[in-house]
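Presented below is the structure to which this report refers.
The figures that follow rest on heavy atoms only: side chains count, while hydrogens, waters and symmetry mates do not. For the single chain, residues carry numbers from 1 onward in sequence order. Please read all numbers here as calculations on a predicted model, not as lab measurements.
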Amino acid sequence: MKKTIIVMPVANEEATMGKVLEEILQLPYDNLYIYIVMDSYSTDRTREIVEEYEQQTDKVKLIFYAESYGVISCYLEGFRHALKDGAERIIEMDGGGSHLPEEIPLFIERLERGYDCVWGSRFIKGGGIENQPLYRRFLSSAGTVLANAVLGTKLKDMTSGFEGFQRYVLEGMCLDRFLSTGHMYQTEMRYYCRRYRTVEVPIHYIGSNSSLRLKSVTEALRLLFRLKENERNVLTCLIGDMRNAE
């Protein structure tokens, strides 16, 4: 298997961090690594737990991102480290137990079959949501319908944070030019990747007690109508780099 790195932002995951790491490390892949990205927002023993695993195995790496401005910036910083360290495939997932390590093979198998991007979907056959209030389910499904209508995409789930990429997909993006710093990021990524060969795989999302602020919803709606104009900014990195090298 080609080198695959899981990028996993975490914060205050003391209760579940060890279990998640153990379950991933037990998967039957010799070339699978876990990059944990965290910042000073985490105040419990999460960092100590990750550092203990880091000392025990080279499969776990802690990235402390002091300049973080939220979970999305941690995802993007993790991508940069994974690309720098030679990852040929990169999987993004939540570190708090919302995404199931046992479903990682679904992503690896599709990437090995040649898909460019693999999206986790709660709304296709075999997928599902547990322990999440009805209004959050409605916002996720309604957000998908609205995003598809505005952006011309046709996915069943436009807001899931469990996804996988071939290296060249992320290499072709200016990661510092994404508009989203919150919930809209997943939709933004799917929109920019729509011309690649993509596939959705069923996932089971386990909800948490976190709340969703009205400000986050209104911000997502505002950004939705700016993605088309921002696409060129995100997808012109390689062109700019080649011009600068000449």
Side-chain angles (χ1 to χ4, degrees), residues 1-39 42 44-65 71-72 74-113 115 117-122 126-131 160-167 169-170 186 189 199-208 210:
M1 186 183 76
K2 295 181 178 180
K3 185 174 185 179
T4 302
I5 293 179
I6 296 172
V7 172
M8 183 187 297
V10 302
N12 297 322
E13 314 291 2
E14 178 181 349
T16 59
M17 193 75 265
K19 180 176 183 293
V20 170
L21 289 175
E22 284 290 343
E23 290 180 358
I24 295 176
L25 291 170
Q26 290 173 10
L27 294 173
Y29 302 108
D30 295 329
N31 217 10
L32 181 64
Y33 299 84
I34 313 164
Y35 280 23
I36 304 294
V37 188
M38 66 184 304
D39 57 23
S42 190
D44 64 3
R45 290 193 63 255
T46 301
R47 181 169 184 170
E48 287 84 349
I49 293 170
V50 174
E51 287 175 338
E52 290 172 4
Y53 278 89
E54 191 177 29
Q55 293 171 4
Q56 297 169 16
T57 174
D58 66 350
K59 303 289 187 183
V60 176
K61 179 177 181 178
L62 174 65
I63 300 168
F64 187 78
Y65 187 33
V71 65
I72 306 308
C74 288
Y75 274 132
L76 300 178
E77 181 67 4
F79 291 164
R80 295 185 189 98
H81 280 265
L83 292 172
K84 180 181 177 181
D85 291 350
E88 295 179 81
R89 291 160 182 167
I90 298 170
I91 295 173
E92 165 193 315
M93 68 181 292
D94 178 75
S98 294
H99 298 148
L100 304 179
E102 65 199 60
E103 294 178 339
I104 291 172
L106 294 174
F107 294 82
I108 292 176
E109 189 271 337
R110 297 311 192 281
L111 291 171
E112 288 182 340
R113 282 169 51 182
Y115 285 99
C117 310
V118 184
W119 313 124
S121 177
R122 299 158 291 179
I129 302 175
E130 298 179 24
N131 192 35
S160 159
F162 204 168
E163 50 198 32
F165 308 92
Q166 302 286 0
R167 176 185 181 89
V169 173
L170 299 180
Q186 314 297 351
M189 178 64 82
V199 65
E200 291 184 275
V201 296
I203 62 168
H204 295 83
Y205 180 82
I206 311 300
S208 65
S210 63

[X] side chain to [Y] main-chain N or O, any donor-acceptor pair under 3.5 Å?
X: Q166; Y: L111; value: yes
X: S98; Y: G207; value: no
X: T46; Y: A11; value: no

Would you say the side-chain atoms of D85 and Y33 include a donor-acceptor pair closer than 3.5 Å?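 D85 vs Y33: no donor-acceptor pair found between side chains.
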
Regarding H204 and E103, do their side chains bring together a donor and an acceptor under 3.5 Å, going by distance alone? yes

If I take atom [atom1] from residue [X] and atom [atom2] from residue [Y], how far apart are they, to the nearest 0.5 angstrom?
X: M8; Y: D94; atom1: CE; atom2: CG; result: 8.0 Å
X: K19; Y: I24; atom1: NZ; atom2: CD1; result: 10.5 Å
X: I6; Y: L27; atom1: CD1; atom2: CG; result: 7.0 Å
X: I129; Y: R122; atom1: CD1; atom2: CZ; result: 5.0 Å
X: E54; Y: L62; atom1: CD; atom2: CG; result: 5.5 Å
X: E109; Y: Y115; atom1: CD; atom2: OH; result: 9.0 Å

Go through the steps for L106 and V118 under the test side-chain contact (heavy atoms from CB on, under 4.5 Å), then give the verdict. CA-CA 9 Å; L106 294 174; V118 184; over 6 Å; no

Shortest non-hydrogen contact from [X] to [Y]?
X: G161; Y: Y75; result: O-OH, 3.9 Å
X: A82; Y: I90; result: CB-CD1, 3.8 Å
X: E163; Y: M189; result: OE2-CG, 3.8 Å
X: I5; Y: A87; result: CD1-CB, 3.6 Å
X: N12; Y: S42; result: N-OG, 2.8 Å
X: V20; Y: P101; result: O-CG, 4.1 Å

Is [Y] close to [X] at the side-chain level, that is, under 4.5 Å between some pair of heavy atoms?
X: I63; Y: V7; value: no
X: E22; Y: Y53; value: yes
X: H99; Y: Y205; value: yes
X: I91; Y: I108; value: yes
X: E14; Y: I49; value: yes
X: R167; Y: L83; value: yes
X: R45; Y: E52; value: yes

Among F162, F107, F165, which one satisfies ring-ring contact (aromatic ring centres under 6.0 Å, His included) with W119?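 The ring-ring contact (aromatic ring centres under 6.0 Å, His included) with W119 is passed solely by F165 among F162, F107, F165.
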
Using a strict threshold of under 4.0 Å (side-chain N to carboxylate O), is an ion pair present between E77 and R80?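 Judged by the 4.0 Å cut-off on N to carboxylate O distance, R80 and E77 do form a salt bridge.
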
